[in-house]
Each structure stands twice: as C-alpha cells, then as structure tokens.
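The structure under discussion appears below in the form of structure tokens.
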Amino acid sequence: MSDNIDVIDLGTEKKVKAYEKRMIVYAICDGMKVDNDMLKKRKPLYLKDDHLEFNNPYQEHIVIPYQSIERFVLKMSTRFYIFGVFSEFRFYLDFDIYVDGQLHKFEVQNMHTSNDIVDFLKKIPVKIEDPIGTFEIFEKHHDHLARTRWLQANFKKIAKKHGLEYPRQGTGFN
C-alpha cells in the first residue's frame with residue numbers, strides 16, 4: 001500500500017439544501033376561504049400581496065419577496081387515484097419558482113379554490129410563464145366540475161405536447 005493516499009473530507013453537513021421532490025402544498029391567498037381539514041393534511045404555501053412564504057422540507061421558514069423571483073413557471077399536473085372499484089384523475093397546479101439560483105417546486109392540491117389562486121396570480125408583480133395555457137384553461141372553464149371534465153378529455157394531449165408526466169408518479173414532500 002502506498003502512503004500517498006489523499007483522504008477526501010466529505011463533511012458531515014449538507015452544503016446545499018436543494019431538494020428534488022415537488023412539495024405538495026395547500027396554497028392560501030389573502031382573502032380566500034380556507035378548508036381547515038385540507039390544511040391539516042398539507043403544508044401551507046402563503047401567497048401574500050408582496051411575498052410568498054412556506055416551510056421547506058428541512059423545516060426552514062422561507063419568505064420570498066416577489067421582486068426577488070427570477071422565473072415563475074405555472075403548469076398543471078395530474079394524479080390517478082383508485083377508490084375500490086372507482087378511479088379518477090385529479091388535476092393540480094404546479095409552481096416552479098426560481099430565486100437566487102434555487103428552484104422551489106410546488107404541487108398545489110386545493111383545486112376547489114384554484115380559481116382564487118389563479119386570479120391572485122394574475123395580480124402579483126411577477127411575470128408568470130404559462131407554457132401550457134393554464135390561465136386560458138381557467139378563463140374558459142371557470143367552473144371546477146366543467147374544467148375537470150375538459151381536462152379529463154384533453155390533458156393527455158397537453159402533457160404529451162409539453163413533456164409533462166401523465167399521470168405523475170410517486171410522492172412529494174407533504
């Protein structure tokens with residue numbers, strides 16, 4: 001054996017606290033009616049007038065002023081659920097928020113209040129990239145049930161065209 005072996009100190013602390021999984025959240029806008037049962041099951045993502053805030057998977061409280069957001073990408077996703085003999089696709093909003101070289105990925109699972117969230121996003125001082133036409137989908141299909149039926153008929157084509165998971169697999173951070 002050679003005495004010229006370099007020992008590399010990998011350290012004991014994680015230097016980069018990035019996370020790959022998408023955080024599954026319950027988004028709350030100012031003035032929105034909150035479903036407390038849903039809020040107990042999901043981490044809150046607070047959309048305020050001048051910032052958003054949440055706790056990341058490391059339980060750090062994160063506050064992001066809108067003016068510090070470099071990119072905000074709005075998309076949609078779907079998950080397939082089986083309930084005994086019944087099954088259904090459920091559709092969710094996805095937020096990809098780039099700030100200070102980091103990417104924060106959210107899956108917003110409160111679709112019954114999604115109209116409030118989409119309307120709120122239109123007012124914030126951030127240019128939102130909408131590659132799949134989410135704003136247009138919500139404008140044309142304002143009713144939750146009608147939108148869900150339209151998405152059931154059309155989302156597979158949208159997902160294929162834009163390279164989205166159909167349906168999304170696995171779990172995120174709850």
Side-chain angles (χ1 to χ4, degrees), residues 17-48 52-62 64 72-98 102-122 124 128-174:
K17 289 192 174 182
Y19 44 93
E20 290 297 317
K21 290 185 177 183
R22 190 169 291 276
M23 287 182 60
I24 297 175
V25 296
Y26 182 84
I28 301 171
C29 310
D30 287 339
M32 182 183 91
K33 184 180 176 189
V34 176
D35 180 348
N36 288 319
D37 290 333
M38 185 73 166
L39 187 56
K40 288 177 188 174
K41 298 174 189 173
R42 301 286 178 246
K43 287 185 177 187
L45 170 66
Y46 296 99
L47 303 170
K48 304 289 187 174
L52 59 87
E53 59 185 86
F54 62 96
N55 285 338
N56 71 8
Y58 302 100
Q59 299 307 315
E60 298 169 330
H61 186 74
I62 308 292
I64 301 174
F72 189 124
V73 181
L74 173 64
K75 295 180 283 191
M76 294 187 74
S77 61
T78 186
R79 289 186 184 268
F80 186 69
Y81 292 92
I82 299 173
F83 309 98
V85 296
F86 300 102
S87 62
E88 71 179 0
F89 283 99
R90 291 188 180 172
F91 300 92
Y92 303 113
L93 295 172
D94 281 351
F95 299 167
D96 291 346
I97 300 172
Y98 297 80
Q102 294 181 329
L103 170 59
H104 300 280
K105 300 185 292 189
F106 301 99
E107 180 179 306
V108 178
Q109 288 200 342
N110 46 317
M111 288 305 285
H112 289 287
T113 56
S114 59
N115 287 339
D116 294 331
I117 296 165
V118 169
D119 290 343
F120 187 85
L121 291 176
K122 292 176 183 177
I124 64 173
I128 297 178
E129 298 174 34
D130 183 13
I132 70 167
T134 306
F135 286 130
E136 184 179 336
I137 291 168
F138 275 76
E139 286 173 17
K140 286 184 178 179
H141 309 282
H142 199 70
D143 178 69
H144 175 69
L145 183 57
R147 182 176 50 251
T148 299
R149 287 182 179 156
W150 185 87
L151 287 167
Q152 286 172 339
N154 295 285
F155 195 76
K156 185 174 183 178
K157 290 182 274 184
I158 294 169
K160 186 175 181 178
K161 179 179 178 183
H162 296 282
L164 305 175
E165 280 182 89
Y166 180 81
R168 176 167 286 153
Q169 301 294 318
T171 61
F173 288 107
N174 288 317

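This one's a predicted model, so the numbers in the text were calculated from it and none came from an experiment.
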How far does CG of N154 sit from NZ of K157, to the nearest 0.5 angstrom? 4.5 Å

Could you check whether the rings of F106 and F95 sit parallel, tilted or perpendicular, using 30° and 60° as the cut-offs? perpendicular

Does the structure place the NZ or CZ of R90 under 6.0 Å from the centre of the six-membered ring of Y81, at an angle of no more than 45° from the ring's axis? yes

Does the side chain of L164 come within less than 4.5 Å of S77's, by heavy atoms? no

At what distance, to the nearest 0.5 angstrom, does CG of L47 lie from CG of D30? 8.5 Å

Residue among F72, Y98, F54 satisfying ring pair (Phe, Tyr, Trp, His ring centres under 6.0 Å) with H104: F54

Heavy-atom neighbours of H112 NE2 exceed 12 at 6.0 Å: no

Nearest 0.5 Å, please: how far is NZ in K43 from CE in M23? 4.5 Å

Output the distance between atom NZ (K156) and atom OG1 (T78), rounded to the nearest 0.5 Å. 12.0 Å

With no hydrogens and no angle check, just 3.5 Å: does a side-chain donor-acceptor pair link R147 and N115? yes

Check whether any side-chain heavy atom of D96 lies under 4.5 Å from a side-chain heavy atom of K105, and answer yes or no. yes

Over 60° means perpendicular and under 30° means parallel, so classify the ring planes of Y166 and F155, tilted if in between. tilted

Rounded distance [0.5 Å steps], OG1 in T134 versus CG in L74: 4.0 Å

Nearest 0.5 Å, what's the OH-CZ distance between Y92 and R22? 13.5 Å

Under 6.0 Å from the CZ atom of F83, do we count more than 12 heavy atoms belonging to anything else shown? yes

Would you say that more than 12 heavy atoms from the other residues, nucleotides or ligands in this model lie under 6.0 Å from the NZ of K33, or not? no

Are side-chain heavy atoms of H162 and K75 found at a separation under 4.5 Å? no

Taking side chain as C-beta onward, heavy atoms only, is D35 less than 4.5 Å from N110? no

Given side-chain contact (heavy atoms from CB on, under 4.5 Å), test R168 with E107 step by step and report yes or no. CA-CA 11 Å; R168 176 167 286 153; E107 180 179 306; 2.6 Å; yes

Those residues that, when tested against H142, pass ring-ring contact (aromatic ring centres under 6.0 Å, His included) (two or more places apart): none

Looking at residues at least two apart in the chain, or sitting in another chain, which of them share a side-chain contact (heavy atoms from CB on, under 4.5 Å) with D116? M32, T113

Is I64 close to Q102 at the side-chain level, that is, under 4.5 Å between some pair of heavy atoms? no

Less than 4.5 Å apart, side chain to side chain, heavy atoms only: is that true for V73 and P131? yes

Smallest separation among heavy atoms of I132 and I137, with atom names: O-CD1, 4.2 Å

Contact summary for L151 and M76, nearest pair of heavy atoms: CD1-CE, 3.6 Å

What I'd like to find out is whether the side chain of V118 reaches to under 4.5 Å of the side chain of L93, using heavy atoms alone. yes

Which residues satisfy the side chain to side chain donor-acceptor pair (under 3.5 Å) test with R149, sequence neighbours excluded? none

